Amino acid sequence: MVVAKKVVYEESRQKRLEENKKRMEQLNLNKLAQALHTPKSSPMKKVKPKVPKQPLDLSSVRRSSRVADKPPPNYKEVGVEPLGLPRRSYQRRDLLNRVYASDEHRQYAIERADQLQSSLDQDIPNFIKPMLQSHVTGGFWLGLPQKFCKTHLPSRDETIILVDEVGEEHPTKYLAQKSGLSGGWRGFAIDHELVDGDALVFQLVSPTTFKVYIIRVNETGDGES
């Protein structure tokens, strides 16, 4: 009974396959399916052969008539010229070998400066400034008495000339807000070999000029070391 049903099913299935095949042939579906599954060959791109580059012939390059007869420049021989005027240089003081004046010697230098100050014309403003290490080494900044600055010196930054005992002039930069001498003071201190304990007498001989007297801490009253 089961075998008979299978035979009937196979016969009907085979019959449907044959009918479907006939329909596909009528509609040309077989050829269409083959065309869809057949890959199309894409055309190959033509590649141009590479032409090797020829080295540049420098001899064929046209040179200007102005430099044609001149030899090629040698840049290694060209030196660099310094810009501007050379600045005056000073050797830096050896900060490790500072020598500090004793209180006794420092006081003695101030007393001698007082004697010198008393011998000056009292109508000309003056003051005494004892030297510290910060004045003669390291920062080289000289602060001036604020009361003196407000009374006698300009209210704005100005160039102030320091004239030493032999008449040589030294320009310095006066900073009004800080009441002191900045640029130029370092050169004055080094040129005159100022040390800790020296006492200087500043005499304002003109609105922007000081006459400076130096009392050496390492000298006796007779001027001997």
Side-chain angles (χ1 to χ4, degrees), residues 85 87-225:
L85 297 176
R87 298 181 60 184
R88 189 176 184 180
S89 62
Y90 297 94
Q91 294 183 352
R92 184 177 180 85
R93 295 286 183 89
D94 189 353
L95 303 183
L96 298 178
N97 296 326
R98 284 177 169 179
V99 177
Y100 291 86
S102 65
D103 294 339
E104 181 182 359
H105 290 168
R106 190 186 305 273
Q107 183 60 36
Y108 185 57
I110 294 175
E111 291 175 358
R112 286 164 32 222
D114 287 335
Q115 294 176 3
L116 174 62
Q117 184 185 37
S118 62
S119 66
L120 299 177
D121 187 350
Q122 298 305 309
D123 293 334
I124 301 177
N126 60 74
F127 64 90
I128 297 174
K129 184 66 178 180
M131 294 292 99
L132 303 176
Q133 288 292 357
S134 59
H135 302 147
V136 297
T137 59
F140 289 95
W141 163 259
L142 183 66
L144 306 181
Q146 292 186 359
K147 184 177 179 180
F148 185 95
C149 294
K150 291 181 180 180
T151 304
H152 303 289
L153 295 184
S155 59
R156 62 187 181 188
D157 295 353
E158 188 67 76
T159 299
I160 289 185
I161 305 299
L162 304 181
V163 181
D164 59 20
E165 294 166 322
V166 297
E168 185 176 354
E169 297 183 353
H170 300 263
T172 62
K173 184 65 176 181
Y174 170 67
L175 302 181
Q177 292 185 352
K178 295 184 177 181
S179 302
L181 301 181
S182 178
W185 167 251
R186 179 175 184 269
F188 182 89
I190 293 178
D191 285 346
H192 295 84
E193 299 181 350
L194 300 181
V195 297
D196 178 58
D198 288 348
L200 274 59
V201 179
F202 289 80
Q203 185 183 31
L204 189 64
V205 295
S206 77
T208 57
T209 303
F210 276 113
K211 177 71 175 180
V212 182
Y213 301 90
I214 302 174
I215 306 299
R216 304 289 180 177
V217 68
N218 54 0
E219 290 181 353
T220 64
D222 298 331
E224 298 179 354
S225 300

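This one's a predicted model, so the numbers in the text were calculated from it and none came from an experiment.
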Practice problem: Could you walk me through whether Asp164 and Asp191 pass side chain to side chain contact (heavy atoms under 4.5 Å, CB included), step by step? | Solution: CA-CA 11 Å; Asp164 59 20; Asp191 285 346; over 6 Å; no

Self-check item: Minimum side-chain heavy-atom gap Ile215-Glu111 below 4.5 Å
Solution: no

Quiz item: Roughly how far, to the nearest 0.5 Å, is CD1 of Ile190 from CZ of Arg186?
Solution: 4.0 Å

Self-check item: Side-chain heavy-atom pair Leu153, Ile160 within 4.5 angstrom cut-off
Solution: yes

Quiz item: Atom CD in Gln133, atom CZ in Phe140: separation rounded to 0.5 Å?
Solution: 9.5 Å

Quiz item: Taking the side chain from His152 and the backbone from Phe148, do they hold a donor-acceptor pair closer than 3.5 Å?
Solution: no

Practice problem: State the CG-CZ distance between Asp198 and Arg106, to the nearest 0.5 angstrom. | Solution: 9.5 Å

Self-check item: From Lys211 atom NZ to Leu120 atom CG, the distance as rounded to the nearest 0.5 Å
Solution: 10.5 Å

Quiz item: Does NZ in Lys173 sit with more than 12 non-hydrogen atoms of other residues, nucleotides or ligands closer than 6.0 Å?
Solution: yes

Self-check item: Criterion side chain to side chain contact (heavy atoms under 4.5 Å, CB included) on Leu200 and Leu194, from CA distance to verdict
Solution: CA-CA 10 Å; Leu200 274 59; Leu194 300 181; 4.0 Å; yes

Quiz item: Quick one: does Lys129's side chain get under 4.5 Å of Leu144's, heavy atoms only?
Solution: no

Quiz item: Of all heavy-atom pairs between Leu175 and Ser182, which one has the smallest distance, and what is that distance?
Solution: CD1-CB, 3.9 Å

Quiz item: Side chains of Phe188 and Val212: does their closest heavy-atom pair fall under 4.5 Å?
Solution: yes

Quiz prompt | Nearest heavy atoms of Pro171 and Thr159, plus distance in Å | solution = CB-CG2, 4.1 Å

Practice problem: Give a yes or no on this: more than 12 heavy atoms of other residues, nucleotides or ligands lie within 6.0 Å of atom CD of Glu165. | Solution: yes

Quiz item: Taking all atoms of both residues into account, what is the closest heavy-atom pair of Ala109 and Gly197, and its distance?
Solution: CB-O, 3.5 Å

Practice problem: Supply the atom-to-atom distance Asp157 CG to Tyr174 OH, rounded to the nearest 0.5 angstrom. | Solution: 8.5 Å

Quiz item: Less than 4.5 Å apart, any side-chain heavy atom of Asn126 and any of Tyr213?
Solution: no

Quiz item: So which heavy atom on Pro207 is nearest to which on Pro154, and how close?
Solution: O-CD, 4.1 Å

Self-check item: Verdict with reasoning, Val195 to Arg216, per side chain to side chain contact (heavy atoms under 4.5 Å, CB included)
Solution: CA-CA 8 Å; Val195 297; Arg216 304 289 180 177; over 6 Å; no

Quiz item: Does atom CD of Gln122 have more than 12 heavy-atom neighbours from other groups under 6.0 Å away?
Solution: yes

Quiz prompt | Under 3.5 Å: donor-acceptor pair, side chain of Asp196, backbone of Tyr100 | solution = no

Exercise. Using the side chain to side chain contact (heavy atoms under 4.5 Å, CB included) rule, take Leu162 and Leu181 through it: C-alpha gap first, then chi angles, then the decisive distance, then the call.
Key: CA-CA 10 Å; Leu162 304 181; Leu181 301 181; 4.1 Å; yes

Exercise. Check whether more than 12 heavy atoms from other residues, nucleotides or ligands sit under 6.0 Å from atom CG of Asp121, and answer yes or no.
Key: yes

Exercise. Return yes if some donor-acceptor pair links the side-chain N/O of Trp185 with the main-chain N/O of His135 below 3.5 Å, else return no.
Key: yes

Quiz item: To the nearest 0.5 Å, what is the distance between CD1 (Ile161) and OG1 (Thr208)?
Solution: 7.0 Å

Quiz item: Does any non-hydrogen side-chain atom of Val205 lie less than 4.5 Å from one of Val163?
Solution: no

Quiz prompt | Residue pair Ile110 / Pro130: nearest heavy atoms and the distance that separates them | solution = CD1-CG, 3.9 Å

Exercise. Using modelled atom types only, decide if a donor and an acceptor are shared between the side chain of Gln146 and the backbone of Ser179 within a distance under 3.5 Å.
Key: no

